[in-house]
Amino acid sequence: MISSPQQEAVDAAIESRRSIRAFLDKDVAREDIERILEVAARAPSGTNTQPWRVYVLTGPARNALSDAILATNADPDQARAHTEEYAYYPREWVSPYIDRRRKVGWDLYSLLGLTRENKEGMAAQHARNYAFFDAPVGLIFTIDRVMEQGSWLDYGMFLQNIMVAARARGLDTCPQAAFTQYHRIIAAQLGLPANEMVVCGMALGWADPDRVENTLVTEREPITGFTTFLEQA
Ligand SMILES: Cc1cc2nc3c(=O)[nH]c(=O)nc-3n(C[C@H](O)[C@H](O)[C@H](O)COP(=O)(O)O)c2cc1C
């Protein structure tokens with residue numbers, strides 16, 4: 001296989017992306033955020049519908065959303081009153097998905113020195129989602145409720161483009177479904193119109209290289225595990 005600098009750069013941007021869960025207290029330039037979104041919006045979408053809408057939260061806006069969610073999340077009774085609007089995960093977990101889910105969870109918690117019994121520690125780690133893991137930029141993504149399943153495919157491509165374009169600039173991300181539980185708080189804080197549904201959030205910033213949670217490298221199935229080559233009729 002012939003390799004070119006362009007191929008190496010693209011592969012490196014994709015392969016160096018990992019979900020980062022601790023960020024440095026260092027701003028991201030507005031021009032970089034704008035350019036990342038501009039690049040990401042080159043994502044394909046069915047009949048060029050471009051179903052994405054992004055809210056970029058920095059400074060007091062980011063803090064206000066985090067504070068509002070964290071206050072509710074800290075009280076189990078209040079938290080229970082908030083539920084997701086759409087099912088991101090299967091209602092019934094089966095193998096191999098449940099095994100992978102458990103593995104990544106325990107890999108992260110054991111890096112952090114959290115045991116199964118330490119429910120409080122795990123809850124505190126989960127709560128860090130709502131502080132965008134201290135990233136200077138919090139992104140909230142919404143979709144128009146009229147859009148159907150196909151547009152969610154387009155949306156995934158857009159999200160991945162953001163994460164890869166961020167890597168190309170030395171920036172890191174963590175996509176965050178955790179925000180969907182608190183879509184009502186997000187809608188109120190951001191003044192979302194009624195037709196917009198929260199898809200997910202994303203932390204964007206500079207990875208803290210000294211934090212143990214950022215050393216997590218997740219596994220992948222070899223391609224033989226998910227690919228079938230058909231050569232004969
Ligand atoms: C749409 C989406 C939502 C996710 N939501 C969360 C989240 O709320 N919190 C979190 O810590 N990680 C979240 N993740 C990160 C996954 O756990 C992670 O992608 C997976 O374990 C693979 O690890 P990697 O991203 O480091 O390759 C999410 C990933 C995706 C694609």
Side-chain angles (χ1 to χ4, degrees), residues 11-23 40 43 51-55 57 62 65-66 69-70 72-73 79 82-90 93 96-112 114 121-135 137-143 149 151-167 171-183 185-186 197-209 211-223 225-226:
D11 288 359
I14 294 172
E15 291 195 312
S16 67
R17 186 214 56 79
R18 289 187 282 122
S19 293
I20 288 300
R21 298 185 177 89
F23 290 84
W52 36 80
R53 174 143 194 88
V54 188
Y55 294 83
L57 282 73
R62 190 205 72 129
L65 179 65
S66 290
I69 295 179
L70 283 166
T72 302
N73 186 65
H82 291 261
T83 50
E84 292 79 8
E85 238 188 322
Y86 75 93
Y88 181 69
Y89 295 109
W93 281 100
Y97 316 109
I98 182 68
D99 314 310
R100 294 175 186 157
R101 174 180 171 82
R102 285 191 178 129
K103 175 152 179 32
V104 74
W106 291 123
D107 283 352
L108 176 63
Y109 290 137
S110 54
L111 271 177
L112 289 160
L114 296 170
M122 289 193 283
Q125 174 58 26
H126 180 73
R128 286 190 41 73
N129 269 290
Y130 304 120
F132 293 98
F133 299 110
D134 298 329
V137 183
L139 303 173
I140 296 290
F141 299 94
T142 68
I143 190 167
Q149 268 184 324
S151 296
W152 291 70
L153 290 180
D154 307 336
Y155 221 116
M157 298 178 212
F158 174 67
L159 294 172
Q160 171 73 350
N161 275 357
I162 292 178
M163 295 188 274
V164 172
R167 279 310 303 137
L171 287 158
D172 275 287
T173 54
C174 184
Q176 298 178 277
F179 281 100
T180 57
Q181 181 185 352
Y182 294 110
H183 61 91
I185 297 177
I186 296 171
M197 186 197 282
V198 174
V199 173
C200 67
M202 187 185 288
L204 170 69
W206 307 96
D208 185 339
R211 290 285 287 265
V212 70
E213 55 267 60
N214 289 342
T215 62
L216 177 67
V217 180
T218 53
E219 291 180 355
R220 292 297 188 273
E221 285 293 304
I223 65 159
F226 60 86

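Whatever order the structure lists ligands and atoms in, that order sets their numbers, starting from 1.
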Checklist entry - Within 45° of the ring axis of F133 and under 6.0 Å from its six-membered ring centre, is that where the NZ or CZ of R211 lies? => result no

Checklist entry - Between T173 (side chain) and L204 (backbone), is there a donor-acceptor pair under 3.5 Å? => result no

Next on the checklist: Tell me whether N73 contacts the main-chain N or O of A127 through its side chain, where contact means a donor paired with an acceptor under 3.5 Å.
Outcome noted: no

Item to check | R100, CZ: over 12 other non-hydrogen atoms inside 6.0 angstrom | outcome: yes

Item to check | Any C174 heavy atom less than 4.0 Å from ligand 1 | outcome: yes

Next on the checklist: What I'd like to find out is whether the side chain of I69 reaches to under 4.5 Å of the side chain of N129, using heavy atoms alone.
Outcome noted: no

Next on the checklist: Tell me whether H126 reaches ligand 1 (any heavy atom closer than 4.0 angstrom to a ligand atom).
Outcome noted: no

Next on the checklist: Return the closest protein heavy atom for atom 26 (O) of ligand 1 as residue, atom name and distance.
Outcome noted: S19 N, 2.8 Å

Checklist entry - Nearest to atom 14 (N) of ligand 1, what protein heavy atom do you find, and at what distance? => result P175 O, 3.3 Å

Checklist entry - Can you tell me the protein heavy atom closest to atom 8 (O) of ligand 1 and the distance? => result A178 N, 2.9 Å

Checklist entry - Would you find more than 12 non-hydrogen atoms of other residues, nucleotides or ligands less than 6.0 Å from Y86 atom OH? => result yes

Checklist entry - For atom 27 (O) of ligand 1, which candidate among R128, R220, Q160 provides the closest heavy atom? => result R220

Next on the checklist: Within the structure provided, determine whether D172 and R18 are in side-chain contact (heavy-atom separation under 4.5 Å).
Outcome noted: no

Checklist outcome for this item: So for N129 against ligand 1, with non-hydrogen atoms under 4.0 Å, the contacting part is side chain

Checklist entry - Is there a side-chain contact between L171 and F23 (heavy atoms, below 4.5 Å)? => result no

Checklist entry - For R100, is the nearest heavy atom under 4.0 Å from an atom of ligand 1? => result no

Checklist entry - How far is atom 21 (O) of ligand 1 from its nearest protein heavy atom, and which residue and atom is that? => result V104 CG2, 3.5 Å

Checklist entry - Of the protein's non-hydrogen atoms, which lies at the shortest distance from atom 11 (O) of ligand 1, and what is that distance? => result R21 NE, 2.7 Å

Checklist entry - Do Y130 and F179 have side chains that get closer than 4.5 Å, going by heavy atoms? => result yes

Item to check | atom 23 (O) of ligand 1: nearest protein contact (heavy atom, Å) | outcome: T218 OG1, 3.2 Å

Checklist entry - For ligand 1, which atoms, with element, lie under 4.0 Å from some heavy atom of A177? => result 3 (C), 4 (C), 5 (N), 6 (C), 7 (C), 8 (O)

Checklist entry - Where's the contact between Y88 and ligand 1, heavy-atom distance under 4.0 Å: side chain, backbone, both or neither? => result side chain

Checklist entry - So which bit of F133 gets within less than 4.0 Å of ligand 1, heavy atoms only: side chain, backbone, both or neither? => result side chain

